[in-house]
Amino acid sequence: MVPELPPLPALTRAEGELVDAYLEVADLLGKINPSRGTHTYGALRAAQALVGKAEALREALTLMHMRGEHEVHADTLARALRVLDGERRTGRVTVRDSQAS
């Protein structure tokens, strides 16, 4: 039986877009990570997609700033990232332990 996930914390639309775009960028960086990859073609495709996802991340932050959301509520956003499996997804960006082969 799959455990029930905690609910996402209340986020503004821009904060939600920020979290989504951040995780999409992290997913792509994980695919590009040379210490974890196995094929250049997959890394190339991820690198090509990264440009668009980085623009989405920039747009989310721009929107937050323009709306007067000048502070990042790190604890709330961290909870959202955890609910969305952010620890595993961002963990693929780190350099792989050589003994974990």
Side-chain angles (χ1 to χ4, degrees):
M1 181 175 213
V2 178
E4 187 173 323
L5 294 174
L8 275 172
L11 303 173
T12 67
R13 177 174 290 161
E15 286 174 328
E17 290 174 5
L18 169 63
V19 167
D20 288 343
Y22 174 78
L23 288 174
E24 289 173 344
V25 166
D27 288 339
L28 291 171
L29 287 173
K31 291 178 182 179
I32 298 167
N33 185 344
S35 74
R36 295 179 181 270
T38 56
H39 296 93
T40 57
Y41 185 71
L44 172 62
R45 296 292 305 230
Q48 291 169 335
L50 185 60
V51 175
K53 298 303 179 183
E55 287 175 352
L57 182 58
R58 181 194 64 208
E59 291 302 316
L61 288 163
T62 300
L63 181 60
M64 286 177 69
H65 185 73
M66 290 175 59
R67 289 184 175 173
E69 298 177 45
H70 299 298
E71 294 187 26
V72 174
H73 301 283
D75 292 339
T76 302
L77 295 175
R79 281 198 329 264
L81 289 168
R82 283 187 192 94
V83 170
L84 297 171
D85 202 20
E87 289 174 322
R88 179 189 60 81
R89 293 166 73 179
T90 58
R92 294 186 302 218
V93 176
T94 62
V95 176
R96 183 181 189 160
D97 183 6
S98 63
Q99 298 177 3
S101 312

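Hydrogens, waters and symmetry mates are skipped; everything else that's a heavy atom, side chains included, is used.
- Across all non-hydrogen atoms, the minimal contact from Val95 to Asn33 is N-ND2, 4.4 Å.
- Residues in residues 14-62 take part in no ring pair (Phe, Tyr, Trp, His ring centres under 6.0 Å) pair, two or more places apart or across chains.
- Between the Ser35 side chain and the Arg96 main chain, a donor and an acceptor come within less than 3.5 Å of each other.
- In this view, Asp20 and Leu84 satisfy the side-chain contact (heavy atoms from CB on, under 4.5 Å) rule, not counting sequence neighbours.
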Could you pull out every donor-acceptor pair under 3.5 Å between side chains of residues 7-19 and any protein atom, sequence neighbours left out?
residue : atom : partner : partner atom : Å
Thr12   : OG1  : Glu15   : N            : 3.0
Thr12   : OG1  : Glu69   : OE1          : 3.1
Glu15   : OE1  : Thr12   : N            : 2.9

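- Remark: Glu87 engages Arg82 in a salt bridge (Lys or Arg N to Asp or Glu O under 4.0 Å) (not counting sequence neighbours).
- Residues that satisfy the salt bridge (Lys or Arg N to Asp or Glu O under 4.0 Å) test with Arg88, not counting sequence neighbours, are Asp85.
- Applying the salt bridge (charged side-chain N to carboxylate O under 4.0 Å, His left out) definition to pairs two or more places apart or across chains, those involving residues 27-40 are Asp27-Arg89, Asp27-Arg92.
- Grouping Ile, Leu, Val, Met, Phe, Trp and Tyr by side-chain contacts under 4.5 Å, direct or through others, leaves Leu44 on its own.
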Side chains of residues 46-64: which donor-acceptor pairs under 3.5 Å do they make with residues two or more places apart or in other chains?
residue : atom : partner : partner atom : Å
Thr62   : OG1  : Arg58   : O            : 2.8

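- Every residue meeting the ring pair (Phe, Tyr, Trp, His ring centres under 6.0 Å) condition with His65, not counting sequence neighbours, appears here in chain and number order: His70.
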